[in-house]
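What you see below is based on every heavy atom in this structure, not just the backbone, and it leaves out hydrogens, waters and symmetry mates. In this chain, residues are counted from 1 in sequence order.
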Amino acid sequence: MSTTNSSSTSVPPGTIIASSFVPLTSQISFTNPRPTTPLPPLVQSYYNAKTNNLQVCAIVFIDSSLTISSFSVYYNPNPKNPIFNIAYDSNETTASTFNAYQINFEVSNLNPKPSSIQTVVYDIDPVNSRGTTTTVQP
């Protein structure tokens, strides 16, 4: 499931949590330019029942003409379906070629295990977002 929202500049809901990101050497290209709405992320989530930790790895795709120097992850603790907003700030562009970035983060002491999470790529200026729902493993 994907969601799309547009409005004025703002910070996403939730609390900032620790995260790390790595620019990957991968690119994807489309025949026609995408609109200014971000592409949905590719997400893997894993719940460790022994430690009650949720680990998330998300791959986000950003217009290759832009340089992104940082991402922030905002956690909105919904017990049944936690929401994570991966925020960045860039110009609004249309694009055909996108660079991949890997963002990793973890939430501790999450009990009970959620059945799914929602992860949203959130461009704060201007505000555009696109997300996906992911089943938590195992």
Side-chain angles (χ1 to χ4, degrees):
M1 177 179 111
S2 295
T3 58
T4 304
N5 299 316
S6 292
S7 64
S8 62
T9 302
S10 71
V11 174
T15 304
I16 291 182
I17 61 172
S19 63
S20 63
F21 89 95
V22 177
L24 302 176
T25 57
S26 303
Q27 281 190 337
I28 60 169
S29 295
F30 294 99
T31 305
N32 296 303
R34 292 270 312 150
T36 58
T37 305
L39 291 170
L42 176 62
V43 180
Q44 178 187 35
S45 62
Y46 178 81
Y47 183 77
N48 184 329
K50 290 181 182 179
T51 62
N52 294 327
N53 289 354
L54 177 68
Q55 300 168 338
V56 181
C57 175
I59 307 297
V60 300
F61 301 96
I62 307 294
D63 178 353
S64 64
S65 70
L66 301 173
T67 301
I68 305 298
S69 59
S70 68
F71 290 90
S72 297
V73 177
Y74 292 78
Y75 170 51
N76 191 348
N78 178 332
K80 292 185 178 182
N81 186 263
I83 301 169
F84 300 95
N85 290 292
I86 300 172
Y88 67 100
D89 188 10
S90 75
N91 296 326
E92 188 172 293
T93 62
T94 57
S96 296
T97 304
F98 298 83
N99 290 336
Y101 295 83
Q102 180 177 331
I103 294 95
N104 298 302
F105 51 94
E106 185 171 328
V107 176
S108 301
N109 302 316
L110 192 64
N111 196 8
K113 171 192 164 193
S115 59
S116 63
I117 62 169
Q118 185 175 10
T119 309
V120 178
V121 178
Y122 195 101
D123 182 0
I124 64 171
D125 183 27
V127 176
N128 280 307
S129 64
R130 183 85 187 256
T132 189
T133 300
T134 305
T135 302
V136 175
Q137 302 296 324

Point-to-point distance, once rounded to the nearest 0.5 Å, from CD of Glu92 to OG1 of Thr36: 4.0 Å
Is there a path from Val120 to Val73 through hydrophobic residues (I, L, V, M, F, W, Y) whose side chains come within less than 4.5 Å of each other? no
Considering only distance and modelled atom types, tabulate donor-acceptor pairs under 3.5 Å from the side chains of residues 101-109, sequence neighbours left out.
residue: Gln102; atom: NE2; partner: Asn104; partner atom: OD1; Å: 3.3
residue: Glu106; atom: OE2; partner: Asn53; partner atom: ND2; Å: 2.8

Return a table of donor-acceptor pairs under 3.5 angstrom between the side chains of residues 13-35 and protein atoms on other chains or two or more places apart.
residue: Gln27; atom: NE2; partner: Asn99; partner atom: OD1; Å: 2.8
residue: Ser29; atom: OG; partner: Thr97; partner atom: OG1; Å: 3.2

Asn128 side-chain N/O to Pro38 backbone N/O, donor-acceptor pair under 3.5 Å: no
Side chains of Thr134 and Phe84: closer than 4.5 Å at any heavy-atom pair? no
Over all atoms of both residues, closest heavy-atom pair of Phe61 and Ala100: CE2-CB, 3.8 Å
Same apolar cluster (I L V M F W Y, side chains within < 4.5 Å links), Phe71/Ile117: yes
Can you list, pair by pair, the side-chain donor-acceptor contacts under 3.5 Å of residues 39-49, counting residues two or more places apart and other chains?
residue: Ser45; atom: OG; partner: Thr135; partner atom: O; Å: 3.3
residue: Tyr47; atom: OH; partner: Asn52; partner atom: OD1; Å: 2.7
residue: Tyr47; atom: OH; partner: Leu110; partner atom: O; Å: 2.6
residue: Asn48; atom: OD1; partner: Lys50; partner atom: N; Å: 2.9
residue: Asn48; atom: OD1; partner: Thr51; partner atom: N; Å: 3.4

Just to verify, what does Ser65 make a side-chain contact (heavy atoms from CB on, under 4.5 Å) with, not counting sequence neighbours? Asp63
For the atom pair NZ (Lys113) and CD (Gln137), what is the distance rounded to the nearest 0.5 Å? 6.5 Å
In one Ile/Leu/Val/Met/Phe/Trp/Tyr side-chain cluster, 4.5 Å: Ile86, Ile68: yes
With the side chain counted from C-beta on, respond yes when Ile124 and Val11 share a heavy-atom pair under 4.5 Å apart, and no when they do not. no
Working to the nearest 0.5 Å, report the span between CG of Asp89 and CG of Leu66. 10.5 Å
Are any of the side-chain heavy atoms of Val121 and Tyr88 separated by less than 4.5 Å? yes
Residues 71-86 vs side-chain hydrogen bond (donor to acceptor under 3.5 Å, both in side chains), sequence neighbours excluded, gives Asn81-Ser116
